[in-house]
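Below is one structure, written out as structure tokens; comments come after it.
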Amino acid sequence: MADFDSTDEATNNSGSKISIGRDVFAQLLAFFEDPSPGKGSQFSFLFPTMTTTTEQPLDTEEPASDQDQNQNPPLLDISSVIRSVAAMGMCNFGKMNKLFWTTGQEEARSSLLPPVDQDTTEEETVEEEEEPEPSVPFQSKYIHKFPLYQDYCVEAVKDDLQRLNTKTSLSELIAPEYLQNLRSRLVPRESPQQGPPESTSPSPPDRTVIRVAPCTLWQDLDEVKVTGLLGSLTVQQIRLQESMFELIGSEASYLRSLGVAVDHFCSSKALKSTLSQMEHHTLFSNVRHVKSASEKFLMDLESRLSENVFITRLGDVVLDHCPAFRAHYVPYITNMMYQEALIKRLMRQNRDFASCLKQLEGEPACQRQSLKSFLVLPFQRITRIKLILENILKVSEADSDAVSYLQKAKEAIHEIVVECNEGIKKMKVIEQLVSLEMLLDFGKMKAIPLVISGRLLVHQGPLSLLAVESGPNARMPLTSIHLHLFNDLLILSSKKEQRFLVEDHAKFPTHVHVAPLKAEALGLPQESFLLHLSRNCTGHATAMILIAHSRSDKEQWMKVLKCGD
């Protein structure tokens, strides 16, 4: 048995020294010996029972034949694996010769890809449109009665509160919880140290920064007034009409803002001249299609109102347009993360773009609204439609025929919202995988494509490896490694500058196992644990002792790696 005359030391996050004693190797071998009557309980206390077999290499998916299986050596226990690993020096990665402790958890890696360079499959890519969808030859009756969509909700709140103060009939048309939500949009939030405000009245008009622009109510429409309906309707019926007209009015406001996004920004030749074709597409995506879908939707909504000013149902109209919403909103919203990243990059790197954009945003058509506020509208709108449908359902009679359509429409819109959110998450995962794939260096070993459907990064970070060496001057140095754990793969690498040199990998959770160590008995730091690969990249079994940077870091790694046991 080799004797250790020296002690290897490393420093953890807290600055304390970690000492690896000279007799650790002897203790390890003693504890890892095959269980005997005198040591069985001691061995089982250190590790759970673990076995390994000789299996096919990772890049071979075909099962071993019966003949091959008969030629395999008998099952090995974990002590034999540790002994063989120590004898061959398998735990000492050849490219990892620096003896140091890596401090701190690595910061979450920001995207390294330009927002316009997406290396994904056709299914996961927002494809460039060949031709813009033509607009519907439709002139909205109400589009100029409402402000831009960015101002619509806030101005509607102000109008509601002012009407409430004058004690008009509108005070009876606003539900208490709805009014409380509206009031919070205008009244500044009180700090935790302050008591409740002395008065619950809204802020005076001169204290608000909201531009005054009247929002039309259903009961204020000329076609409603001439019918004389208001005198014969109950408060509940008027509330229902106002809720349904909100869908029409808000869509008109939304379409007005989309018109600015398309006609003022997207169609600007000056702005387009500062961008490449791909940048222009990434920035505006399929906004023309979104606008066309809104025009068709508003046209059908206004057509329903023109048939009878007393609206009986609108859920069926929403339901009819849900396929178009899904077709256009999902790809647009999925692409939004690249829009924002691209704008930030262009503002830093493209002076011509920044200058042209500033000029466009300062023109009257924008009403001091930024391009980003226009580009985010589709996501705001699709979620708003769901809320409006919910409000209509609250004031509808439960046994009415319109309720079933409203319920189906709300569920259909909810599915689109969920699909949009999933699309955003999916693109973030793909971007993360593509960025990481660019940083991994597999050297001479067979590279593994990271960007595959269903794969996602679960956990990553640096640890220290207790490298067991053999020979007359054997040592147990600490070397730094970096683990990338995916839901189906574990990659071990050494970090060199900004790249990761891959040293080993294994399928997860099939061939990855983790076990606790009785660190004190072995003379190891409390943050130590055992990682066992039953089949690594070469098809062999190997095991290693890893040391986390803190107790919490160890617990986190043990938790995520336990899925393999």
Side-chain angles (χ1 to χ4, degrees), residues 133-143 146 149 152-153 175 178 218 221 236-258 285-334 377-424:
E133 185 170 332
S135 298
V136 180
F138 160 66
Q139 294 294 329
S140 171
K141 185 177 181 180
Y142 304 104
I143 192 169
F146 292 87
Y149 196 67
Y152 170 78
C153 293
Y178 179 58
W218 175 83
L221 297 177
Q236 180 74 11
Q237 289 174 322
I238 296 178
R239 183 186 295 125
L240 177 59
Q241 293 301 306
E242 295 291 1
S243 298
M244 289 193 288
F245 184 72
E246 183 185 358
L247 182 63
I248 301 175
S250 59
E251 189 68 26
S253 173
Y254 170 62
L255 181 57
R256 182 173 179 178
S257 288
L258 283 181
S285 190
N286 60 328
V287 67
R288 294 182 184 273
H289 287 251
V290 174
K291 178 175 178 286
S292 178
S294 176
E295 288 174 336
K296 295 174 182 178
F297 182 44
L298 181 58
M299 180 173 63
D300 287 351
L301 290 175
E302 291 192 18
S303 177
R304 179 62 58 86
L305 180 61
S306 64
E307 293 172 3
N308 191 341
V309 293
F310 185 80
I311 311 170
T312 56
R313 64 182 185 184
L314 288 179
D316 57 323
V317 179
V318 178
L319 202 57
D320 290 342
H321 286 266
C322 280
F325 292 159
R326 174 176 279 104
H328 302 313
Y329 278 78
V330 173
Y332 182 90
I333 293 173
T334 300
L377 292 178
F379 181 74
Q380 295 176 346
R381 182 56 183 166
I382 198 66
T383 54
R384 179 65 180 171
I385 290 177
K386 179 187 174 184
L387 295 177
I388 294 175
L389 293 175
E390 291 175 346
N391 289 335
I392 297 175
L393 278 168
K394 290 178 182 179
V395 294
S396 297
E397 296 181 5
D399 57 349
S400 64
D401 296 336
V403 167
S404 61
Y405 283 104
L406 285 170
Q407 190 64 40
K408 292 178 181 178
K410 188 192 78 169
E411 293 172 358
I413 293 293
H414 175 71
E415 291 176 1
I416 296 174
V417 173
V418 170
E419 192 171 344
C420 289
N421 288 329
E422 291 300 320
I424 294 174

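By convention here, the first residue in the shown sequence is residue 1.
The closest donor-acceptor contact from the side chain of S243 to the backbone of R239 lies under 3.5 Å. Proximity of a side-chain donor or acceptor of S140 to a complementary backbone N or O of Y142 within less than 3.5 Å is detected. A donor-acceptor contact shorter than 3.5 Å links the side chain of T383 to the backbone of F379. Looking only at distances, no side-chain donor or acceptor of S303 sits under 3.5 Å from a matching main-chain atom of M299.
Residues meeting the salt bridge (charged side-chain N to carboxylate O under 4.0 Å, His left out) test with K408, sequence neighbours left out: none. Every residue two or more places apart in sequence or in another chain that forms a salt bridge (charged side-chain N to carboxylate O under 4.0 Å, His left out) with D316 is listed here: R304, R313. With sequence neighbours left out, the salt bridge (charged side-chain N to carboxylate O under 4.0 Å, His left out) criterion links E419 to R326. Residues passing the ring-ring contact (aromatic ring centres under 6.0 Å, His included) test with F325, sequence neighbours excluded: F297, Y329. Under the rule for a salt bridge (charged side-chain N to carboxylate O under 4.0 Å, His left out), the partners of R381 that lie at least two apart in sequence or sit in another chain are E251.
A salt bridge links E295 with K291: at least one charged nitrogen is closer than 4.0 Å to a carboxylate oxygen.
Looking only at side-chain heavy atoms (C-beta outward), K386 and I382 stay at 4.5 Å or farther from each other. Side-chain atoms of V309 and L221, non-hydrogen and from C-beta on, never get closer than 4.5 Å to each other.
Other residues, nucleotides and ligands contribute only 12 or fewer heavy atoms inside 6.0 Å of the CD atom of E397.
One distance of note links CD of E411 with CD1 of I413; it measures 11.5 Å at 0.5 Å rounding. Annotation: the span from I388 atom CD1 to L406 atom CG amounts to 12.0 Å, rounded to 0.5 Å.
Residue pairs meeting the ring pair (Phe, Tyr, Trp, His ring centres under 6.0 Å) criterion with at least one partner in residues 381-412, sequence neighbours excluded, are absent.
By the 30° and 60° cut-offs, the orientation of the rings of Y254 relative to Y149 is perpendicular.
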